[in-house]
Amino acid sequence: MRWHKSNERQTIITIDGPAGSGKSTVCKEIAKKLGLIYIDSGAIYRAIAYALWNTEQITTDCNGKWFPKITYGTLSELPLKFEAKIGSIEIYFKGNILASEIRTPEISMLTSRLSKLKPIRDFANEIQRKIASKGSSIVDGRDAATVVFPDACLKIYLTASPEIRASRRLEEYKSRGVNVTFEQVLDEIKQRDLNDTSREHAPLKIAENAVIVDTSSKTIHQVVDYIIKLAKEQC
Ligand code: DC
């Protein structure tokens, strides 16, 4: 892998794919091994949704659907701060670090709905590009290869069956003490897949030159080693 001087373009690896495909585990591991900044774009979207909800900028329409009263201008005034680190990202809301509060089923569903909106996508894209300008990065995304970083040196599309993804998410919820059933998580995964693939702005889709990796029957180590091998060849 070629290391870039500060006046050159940074190395960017994008890992796109649906919820529960293993992106965050794979990205964290690769970031640690290669010393890359880890851009967790889902956490950025979640933090925006959390901040809008907690600053009471979400209202409901007559059908009970949530929508925010916001524009791009008001988003930049949200009390959020993003700090990129090697292998992690720290997000602060009103000076307090955000952790499990952005990963509840309610915030997951709210984020999935809000992430359809163009001002929110534009704002989240700008945050990701600003973080990536600080150093070589690996991006955990949905449209990282197609929209945010089209010039990335390596584009991976990670996937797995909905059932495998739901059982991984269930374990994650259980480890955080969230009480949900497999069926609820599977429904959530299917609903989020539908939201992610059918939205008008930057839907989840496979970039033309992406390498597709199905993680259903692979270990994390196999996936990580394969992607590192590709990164060494291509970046
Ligand atoms: O990866 P995640 O589960 O933390 O993502 C949370 C939600 O944010 C998910 O429903 C889709 C949305 N999202 C998005 O639209 N674009 C991204 N680049 C990342 C996440």
### Query
So, Q184 and Y173: side-chain donor and acceptor under 3.5 Å apart, yes or no?
no
### Query
Say you draw a straight line from NZ of K23 to CG of D40; how long is it, rounded to the nearest 0.5 Å?
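Between atom NZ of K23 and atom CG of D40 there are 8.5 Å.
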### Message
Counting only heavy atoms not in E233 (residues, nucleotides, ligands), do more than 12 fall under 6.0 Å from its CD?
### Response
yes
### Query
Just wondering, are more than 12 heavy atoms of other shown residues or ligands nearer than 6.0 Å to OH in Y226?
no
Report whether [X] and [Y] are members of the same hydrophobic cluster (ILVMFWY, side-chain heavy atoms less than 4.5 Å apart, transitive linking).
X: I189; Y: I15; result: no
X: I39; Y: L98; result: yes
X: I30; Y: Y157; result: no
X: I107; Y: V180; result: no

### Query
How far apart are the closest heavy atoms of C153 and T11, and which atoms are they?
SG-CG2, 3.7 Å
#### Entry: Minimum-distance pair of heavy atoms, taken over all atoms of Q57 and L78
NE2-CD2, 3.6 Å
### Query
Can you check side chain to side chain donor-acceptor pair (under 3.5 Å) on R165 and S216, steps first, answer last?
CA-CA 8 Å; R165 292 189 280 127; S216 301; over 6 Å; no
### Query
Does D122 come within less than 4.0 Å of K118, counting only side-chain N to carboxylate O?
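Here D122 pairs with K118 in a salt bridge, since their nearest N and O are under 4.0 Å apart.
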### Query
Hey, is E172 close enough to R168 for a salt bridge, meaning N to O under 4.0 Å?
no
### Task
Run through D187, N195, D193 and flag the one making a side-chain hydrogen bond (donor to acceptor under 3.5 Å, both in side chains) with Q191.
N195
### Task
Please answer whether the main-chain N or O of G135 pairs with a side-chain N or O of S137 as donor and acceptor at a distance below 3.5 Å.
yes
